Amino acid sequence: MNGQPLTGYIVNFMPTGGGRPSVGATGPDGEFDLDYTLKQKGAKVGTHKVFFIYAPESQSAAMAADRGELPDDVRQIVKKYGDMDTTPLKVEVTPEKDEYLIELE
């Protein structure tokens, strides 16, 4: 986000044409690997809506989130990108490409 790695989130790729979603957790460098099933990596070929679920990395941050106490940057991300129905992000997954850069504003 704004050129900085996004950490502490679950990234969700939901196929717009139906089918199984893929999910992955952002690491300290903001990178993530998608899991399609327990044994299969990646995502279904096609267009996906991409949304983010906040997953605090510390117990104190998780407890604060449970109380609805979110840092301003988290609140902005969750508001704009935290819902499958309202996220503006879409990614076209193709067989030829296995890395995708997702820029959040």
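Quick caveat: nothing in here was measured; it's all calculated off a predicted structure.
Every residue was checked against the salt bridge (Lys or Arg N to Asp or Glu O under 4.0 Å) condition with K90, not counting sequence neighbours, and none meets it. Listed by chain and residue number, N12, V23, A25, I53, A55 satisfy the side-chain contact (heavy atoms from CB on, under 4.5 Å) test with I10 (two or more places apart in sequence, or in another chain). Listed by chain and number, the residues in a salt bridge (Lys or Arg N to Asp or Glu O under 4.0 Å) with K79 amount to none (sequence neighbours excluded). Every residue meeting the side chain to side chain donor-acceptor pair (under 3.5 Å) condition with S60, not counting sequence neighbours, appears here in chain and number order: S58. In this structure E92 satisfies the side-chain contact (heavy atoms from CB on, under 4.5 Å) test together with T47, T94, sequence neighbours excluded. With sequence neighbours excluded, no residue satisfies salt bridge (Lys or Arg N to Asp or Glu O under 4.0 Å) with E96.
The line from CE of M63 to CD of Q59 is 6.0 Å long, rounded to the nearest 0.5 Å. Between atom CE of residue M14 and atom NZ of residue K49 there is a gap of 10.0 Å, rounded to the nearest 0.5 Å.
For residues 65-75, the pairs satisfying salt bridge (charged side-chain N to carboxylate O under 4.0 Å, His left out) are R67-E69, with sequence neighbours left out. Screening residues 18-42 for side chain to side chain donor-acceptor pair (under 3.5 Å) gives D35-K41 as the qualifying pairs, with residues at least two apart or on separate chains.
The side-chain heavy atoms of E99 and L101, taken from C-beta on, include no pair separated by under 4.5 Å.
Across all non-hydrogen atoms, the minimal contact from P88 to K80 is CD-O, 3.3 Å. Listed here is the closest heavy atom pair of P15 and P21: CD-CA, 3.8 Å.
Through direct or relayed side-chain contacts under 4.5 Å between Ile, Leu, Val, Met, Phe, Trp and Tyr, V78 connects to M1, L6, Y9, V11, F13, F32, L34, V50, F52, Y54, L70, V74, I77, Y81, L89, V91, V93, Y100, I102, L104.
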